Amino acid sequence: MTTTLSRALTTALHHALETDPKVLVMGQDVGGLGGVFRVTDGLQKDFGPDRVIDTPIAEAGIVGTAIGLAQRGYRPVCEIQFDGFVYPAFNQIVSQLAKMHARTGGAITLPVVIRIPVSGGIGAVEHHSESNEAYFAHTAGLRVVAAATPQDAHWLLRQAIESDDPVIFFEPKCRYWSKGEVADGPDLPMHAARTVRPGGDLTLLTWGSMVETCLAAAAAAEEEGHDLEVVDLRSLAPIDVEALVGAVGRTGRAVVVHEAPVTGGLGGEVAASLAERCFDRLEAPVRRVGGFDVPYPAARLESHYRPDLDRVLDAVDRTLAY
Amino acid sequence: MTTTLSRALTTALHHALETDPKVLVMGQDVGGLGGVFRVTDGLQKDFGPDRVIDTPIAEAGIVGTAIGLAQRGYRPVCEIQFDGFVYPAFNQIVSQLAKMHARTGGAITLPVVIRIPVSGGIGAVEHHSESNEAYFAHTAGLRVVAAATPQDAHWLLRQAIESDDPVIFFEPKCRYWSKGEVADGPDLPMHAARTVRPGGDLTLLTWGSMVETCLAAAAAAEEEGHDLEVVDLRSLAPIDVEALVGAVGRTGRAVVVHEAPVTGGLGGEVAASLAERCFDRLEAPVRRVGGFDVPYPAARLESHYRPDLDRVLDAVDRTLAY
Amino acid sequence: METYVLLGADGRLSDEPAARDVTPELCRGLYRDMVLARRLDSEAYSLQRQGELGLWLQCLGQEAAQVGSIRAIRDDDPVFPSYRDHAAALCRGIGPEALLAQWRGVRQSGWDPAEHRFGVYTLVLAAQLLHAVGYAMGVQRDGTDEVVLAYFGDGSSSEGEANEAFNWAATVNAPVVFFCQNNQWAISTPTSRQFGAPLHRRAAGFGLATELVDGNDVLAVHAATRRAAETVRRGGGPALVEATTYRMAGHSTSDDPTRYRTEAELDHWRARDPIDRLRTLLDREGWADEAFHADLDAEADALGAETRRVCRAMPDPDPSTMFDHVLPGGSPVLAAQRDGYAAYLASFEDAS
Amino acid sequence: METYVLLGADGRLSDEPAARDVTPELCRGLYRDMVLARRLDSEAYSLQRQGELGLWLQCLGQEAAQVGSIRAIRDDDPVFPSYRDHAAALCRGIGPEALLAQWRGVRQSGWDPAEHRFGVYTLVLAAQLLHAVGYAMGVQRDGTDEVVLAYFGDGSSSEGEANEAFNWAATVNAPVVFFCQNNQWAISTPTSRQFGAPLHRRAAGFGLATELVDGNDVLAVHAATRRAAETVRRGGGPALVEATTYRMAGHSTSDDPTRYRTEAELDHWRARDPIDRLRTLLDREGWADEAFHADLDAEADALGAETRRVCRAMPDPDPSTMFDHVLPGGSPVLAAQRDGYAAYLASFEDAS
Ligand SMILES: Cc1ncc(C[n+]2csc(CCOP(=O)(O)OP(=O)(O)O)c2C)c(N)n1
Ligand SMILES: Cc1ncc(C[n+]2csc(CCOP(=O)(O)OP(=O)(O)O)c2C)c(N)n1
Ligand SMILES: [Mg+2]
Ligand SMILES: [Mg+2]
């Protein structure tokens with residue numbers, strides 16, 4: 001079935017609500033409005049306001065009550081309206097959601113999913129274009145995934161809801177309206193990286209909104225005779241390190257691409273792991289392409305802030321030329 | 001003057017309160033009690049409750065009102081009681097404190113210092129031993145420093161208070177009672193890394209609570225004929241990359257040591273930068289020694305969680321043997 | 001608590017004592033402020049529709065709440081706004097260029113807060129309320145008598161930070177007036193799903209002095225805010241004014257309000273339009289002549305024209321500005337990134 | 001609002017209607033609970049002083065607030081405690097091993113919440129209040145009639161999350177009773193620096209049903225909590241009980257309360273000891289004979305002995321347990337870390 005990434009999420013939520021009476025959807029404006037990105041469109045009509053819950057504007061409250069609901073046996077899927085509005089919930093996520101299973105010696109499991117529309121590229125005002133995956137990926141006790149395609153949006157979300165792990169689920173908002181195929185079943189487990197495009201000269205490692213950019217860069221590089229591999233990490237915590245090591249072990253060259261500021265970003269983790277694990281195979285340093293160490297700029301500058309085809313190719317060229 | 005790290009902080013605060021009427025100290029129990037670690041001991045007596053402010057228990061409130069006070073021309077030094085209690089303030093720190101200067105095009109400066117007792121090693125209960133520097137170091141717009149000695153505790157804090165930047169100031173709580181010399185003036189600017197011990201065979205890169213551990217490891221390694229260099233990063237954002245590159249460029253081998261979970265930790269940033277910048281000089285992969293990807297464990301296990309001399313030496317041996 | 005009204009929906013003044021303070025000058029001034037604000041708002045809306053702005057959040061319908069309140073405080077009283085407070089901003093001399101820049105995406109904020117004693121917009125709900133309290137603590141320490149005014153919405157009141165601000169202010173007796181524009185909606189969420197008891201009651205529970213006022217009655221808002229501000233100024237402790245009003249437009253230009261509210265509800269509020277209401281009074285009392293209205297029309301037209309002109313004239317910022325003002329103390333890492341990016345951009349020019 | 005009292009500081013029952021429900025059995029039961037709790041508390045304190053526990057937070061003086069409230073709800077009513085609620089925990093069958101494990105540092109929590117319908121302690125202030133509300137929303141959805149009881153302290157009430165919980169509960173009409181042990185202090189901070197108006201008033205402002213009760217009067221606490229719980233159970237919406245009590249010990253074994261409070265204040269509260277007060281009633285009414293007291297002493301001694309024994313017997317956990325239960329779904333990265341660390345540890349054994 002061909003559908004948009006946004007619609008692929010909606011059908012995943014619909015399926016989960018339909019098959020498991022314990023699944024709940026909750027967040028600001030997820031009901032009658034269907035969410036500001038319409039991902040929950042129609043769900044309240046079909047499942048009622050007790051299962052598709054319009055919450056007060058209180059992000060700590062959303063995650064905190066979801067934790068309580070999960071302790072009662074429910075499986076809440078929370079929507080945070082925009083990436084920049086997850087911080088009021090940070091305490092509940094980092095100290096409660098992430099740690100509860102471990103601190104109770106496994107007595108409490110919290111199958112809570114937190115959906116976060118993430119990253120830029122839609123010309124939004126401030127606080128609406130943050131790429132904050134590194135905060136969560138560094139937090140032990142969370143599973144963090146990033147969907148880049150309708151197929152992953154649908155199946156990763158279903159897997160996330162079915163999983164007993166607390167999952168931070170990132171949706172690249174600039175890709176909500178992109179279309180793609182959704183297969184009848186998942187092709188990969190939640191934790192696996194995917195080789196989106198095979199290639200022998202260099203591996204581009206990326207996720208979320210940048211997967212498409214990297215594919216475009218690979219296509220452009222092909223015209224210049226370079227055969228780039230593109231790997232979508234999908235799972236940002238835990239990272240499928242073995243798959244990355246395997247890929248870069250073959251090509252010997254790698255560039256990591258993400259939207260978040262490079263410094264302290266998850267690209268550092270990827271680059272450091274590869275530099276350690278592929279030390280003897282690397283023919284050039286692992287370069288990172290990402291946002292600058294500045295607050296996400298005003299919309300008219302975002303094309304300069306976000307990595308684009310040219311900036312990716314620039315890093316690719318340097319790496320190939322090394 | 002020889003004094004404890006804790007006392008070196010107290011005298012720095014005392015000096016700041018004395019010389020600049022705009023400096024305020026605020027936090028939970030900082031007044032009559034002098035803070036749970038007694039860092040603010042005696043300050044309220046000397047400067048009164050309007051300048052050394054016992055606040056309600058509301059961390060967002062502490063940082064949020066500090067932002068307002070700074071807009072009014074004050075220079076608040078906030079105390080967060082323990083590392084694990086900074087998260088309720090995360091929204092104010094990440095979206096307001098860090099971004100205000102940039103989002104107002106420089107119209108507003110926020111000379112706010114947030115002091116956070118950090119890391120483990122004191123046998124505390126949960127949420128009292130977090131090493132959460134990576135969250136802040138990844139946040140553009142913040143300066144992040146970590147003191148490891150009385151000298152740095154005193155002078156870094158004075159520099160932080162004098163600086164117009166918002167500064168996250170980490171104090172290694174297991175070192176509060178360690179003594180050391182405090183000189184009559186600062187020997188380094190706030191952003192500079194320090195070579196704590198010179199050495200030619202391998203560079204240990206570390207900060208905060210682990211500086212002492214690394215020095216002990218270097219001393220032990222010396223007995224086996226290895227000449228280890230120890231570099232204290234001091235500034236975690238921005239990192240003094242050139243100094244690190246210089247050091248590792250000379251030794252050709254490096255191990256990064258910190259208490260936080262390795263995955264997504266700041267060690268990844270350091271290792272990735274070195275692997276990129278010292279690619280041709282590195283004779284072995286940059287190894288990282290840190291906490292495991294688990295919530296900080298119960299006190300009786302913390303000696304297994306925190307890097308110690310043996311774990312550092314293990315990584316050193318592997319790196320030297322590579 | 002009864003809603004305080006001075007000028008009924010029918011445009012008649014009540015016999016409240018405060019009605020005696022209502023002068024023709026006051027009414028003409030408030031009327032002018034509201035009319036100009038509405039014009040700016042509708043011009044900005046059109047500009048968004050033409051693609052000149054990325055987004056716009058209209059203050060349509062809330063002019064009385066904003067104008068009435070900001071005109072009730074002193075010019076040197078600092079204000080911490082939310083993001084829909086264009087009418088209030090205009091009263092503080094913030095012009096269309098400054099007001100539109102953020103929404104055009106050329107800057108993250110439009111004006112210097114110190115110059116206008118009016119903070120930048122805060123898009124993260126309720127964060128500004130704590131800043132206002134902190135600022136007010138500064139006022140206390142300085143021993144001056146400014147009153148801090150902080151705007152927020154009904155929906156924002158559910159955030160933990162809003163409640164920390166109420167409690168903190170009450171605890172330290174901060175000179176702040178919290179002003180809630182309860183416009184009935186937070187995007188698609190009605191107040192019934194936002195709180196279980198009226199906000200003004202909650203505020204009283206925190207120990208704040210409270211006013212509940214008809215937010216579409218600019219005279220009542222003015223009188224109530226003045227009362228609240230004067231109590232605060234005299235050291236009587238913080239206050240909260242809840243103004244009942246209505247967001248006549250969608251939440252933003254991205255919103256589709258027909259998905260969640262009815263035409264009947266809109267009609268109900270159309271009949272309570274704050275500008276029409278004051279106009280009725282002006283007309284009945286003969287407090288504004290034709291010349292006044294003609295001048296005002298001309299002024300509004302000029303403002304509209306200026307709004308269109310300055311909006312279209314705003315150039316895209318230079319990419320290097322992205323690196324400015326990140327850390328006042330500067331950073332070699334950032335300087336390297338700025339220079340590296342400049343060199344990278346230059347490499348394209350060299351190539352072409 | 002007047003403080004509700006049934007048993008005066010002099011140990012006399014008031015003529016309140018609820019006093020008629022006071023039976024000798026009830027009093028003996030509550031007395032026993034309080035005496036046992038105090039013994040456990042003091043044993044744990046001693047164990048900490050001997051270095052057997054890393055830390056202990058005493059509930060000394062707050063036994064009536066805890067016992068009275070938890071005995072007023074049903075055994076299947078879920079409880080979300082704070083961290084000082086040992087008397088309540090004991091009433092739910094949580095024994096000394098489970099209660100001390102966390103403070104000895106061998107586990108992060110002591111018991112299975114589902115088994116005791118008593119959550120694990122929450123050290124991050126106020127976080128548990130939102131969990132309680134969420135759990136109560138689950139109760140609503142299940143259509144059952146449990147009432148959720150959530151404990152917190154006066155200081156915790158300043159946190160944004162506490163206020164989000166009050167507001168959220170009121171908005172969704174969640175079946176929850178918030179129970180505040182207002183023990184006058186939050187470490188060194190008195191309530192006068194924590195809020196500007198009494199908490200029960202704030203709670204009413206949020207739309208919660210409220211009770212203000214003498215927290216050292218176990219009978220009043222029992223009656224007030226029962227009243228609140230029954231309102232909630234009947235669907236009357238959430239409630240908040242504020243119990244006025246006193247933390248007789250330091251905040252924790254790391255605290256030095258002489259730095260911030262006076263001996264006179266302690267004396268005032270010593271005269272209001274909740275156990276003595278009920279003892280006076282039991283004695284005057286002849287509701288407990290010598291045998292009862294002898295049995296109770298023996299039971300307390302046995303509990304004390306058991307506490308010392310199980311505490312000292314708790315072994316250090318195996319390092320590998322650190323890696324258990326991080327993610328229910330498991331993780332290859334974590335498994336590799338666990339195996340790597342085991343191999344590392346084994347390398348020492350091989351070496352020696
Ligand atoms: C912390 C946070 N959460 C969510 C949002 C998204 N959001 C923007 S406006 C809005 C509704 C606010 O309603 P209200 O406070 O009543 O103000 P109004 O828009 O009605 O003026 C929401 C949920 C946000 N900006 N900040
Ligand atoms: C979020 C958070 N901030 C700060 C602390 C540190 N702290 C622990 S107990 C305490 C005082 C709590 O007072 P109260 O709520 O009255 O409970 P009590 O200790 O009196 O029972 C503080 C500030 C914490 N545990 N959590
Ligand atoms: Mg609103
Ligand atoms: Mg207390």
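Because the structure is predicted, anything quoted here is derived from the model rather than measured. Just so we're on the same page: letters track the sequence lines, and every chain starts at 1.
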Exercise for review: Measure distances from D/Tyr83 to the heavy atoms of chain B and classify the residue's part below 4.5 Å as side chain, backbone, both or neither.
Suggested key: neither

Practice item. Evaluate side chain to side chain contact (heavy atoms under 4.5 Å, CB included) for D/Phe195 paired with D/Asp154, printing each intermediate quantity in order. Key: CA-CA 9 Å; D/Phe195 31 75; D/Asp154 44 289; 4.2 Å; yes

Study note, to complete from the structure: Whatever's closer than 4.5 Å to a heavy atom in chain D on B/Glu302 counts as neither

Check your understanding: Hey, are D/Arg312 and D/Gln50 close enough side-chain-wise for a donor-acceptor pair under 3.5 Å?
Key -> yes

**Study point:** Interface residue of largest heavy-atom contact number with chain B, from D/His325, D/Arg104, D/Arg338, under 4.5 Å
**Key:** D/Arg104

Study note, to complete from the structure: Output for pair (D/Gln108 CD, B/His127 NE2), nearest 0.5 Å, gives 7.5 Å

Review point. Does a side chain donor of either D/Ser158 or D/Gln194 reach within less than 3.5 Å of an acceptor in the other side chain?
Key: yes

Exercise for review: Please state whether the side chain, the backbone, both or neither of B/Asp293 comes within less than 4.5 Å of a heavy atom of chain D.
Suggested key: both

Practice item. Step through the shown structure and confirm whether more than 12 heavy atoms of other residues, nucleotides or ligands are within 6.0 Å of CZ on B/Arg318. Key: no

Revision key, fill the gap. Nearest heavy-atom approach of B/Ile57 to D/Ala186 is CD1-CB, 3.6 Å

Check your understanding: Picking from B/Gly32, B/Pro56, B/Ala299, which has the most non-hydrogen pairs under 4.5 angstrom with chain D?
Key -> B/Pro56

Review point. Are any of the side-chain nitrogens in D/Asp255 or D/Arg247 under 4.0 Å away from the carboxylate oxygens of its partner?
Key: yes

Review point. Do B/Asp41 and D/Arg259 meet the salt-bridge criterion of a basic N to acidic O distance under 4.0 Å?
Key: yes

Point to revise | Residue among D/Arg107, D/His251, D/Arg193 with most heavy-atom pairs under 4.5 Å to chain B | key: D/Arg193

Exercise for review: Take D/Arg202 and D/Ser157 through the side chain to side chain contact (heavy atoms under 4.5 Å, CB included) test and state the conclusion after the steps.
Suggested key: CA-CA 10 Å; D/Arg202 185 200 315 175; D/Ser157 73; 3.6 Å; yes

Study note, to complete from the structure: The interface call for B/Tyr296 against chain D, heavy-atom contacts under 4.5 Å, is backbone

Review point. Between D/Pro319, D/Gly340, D/Gly54, which shows the greatest number of heavy-atom pairs under 4.5 Å with chain B?
Key: D/Pro319

Review point. Is it the backbone or the side chain of B/Pro297 that comes under 4.5 Å from a heavy atom of chain D, or both, or neither?
Key: both

Review point. What part of B/Val262 is in contact with chain D, defined as an atom under 4.5 angstrom from a non-hydrogen atom: side chain, backbone, both or neither?
Key: neither

Point to revise | Per-residue contact mode, B/Thr263 against chain D (heavy atom under 4.5 angstrom) | key: side chain

Exercise for review: Heavy-atom distances under 4.5 Å only: say whether D/Tyr344 touches chain B with side chain, backbone, both or neither.
Suggested key: side chain

Review point. Checking heavy atoms, do the side chain of B/Phe85, its backbone, both or neither come under 4.5 Å from chain D?
Key: side chain

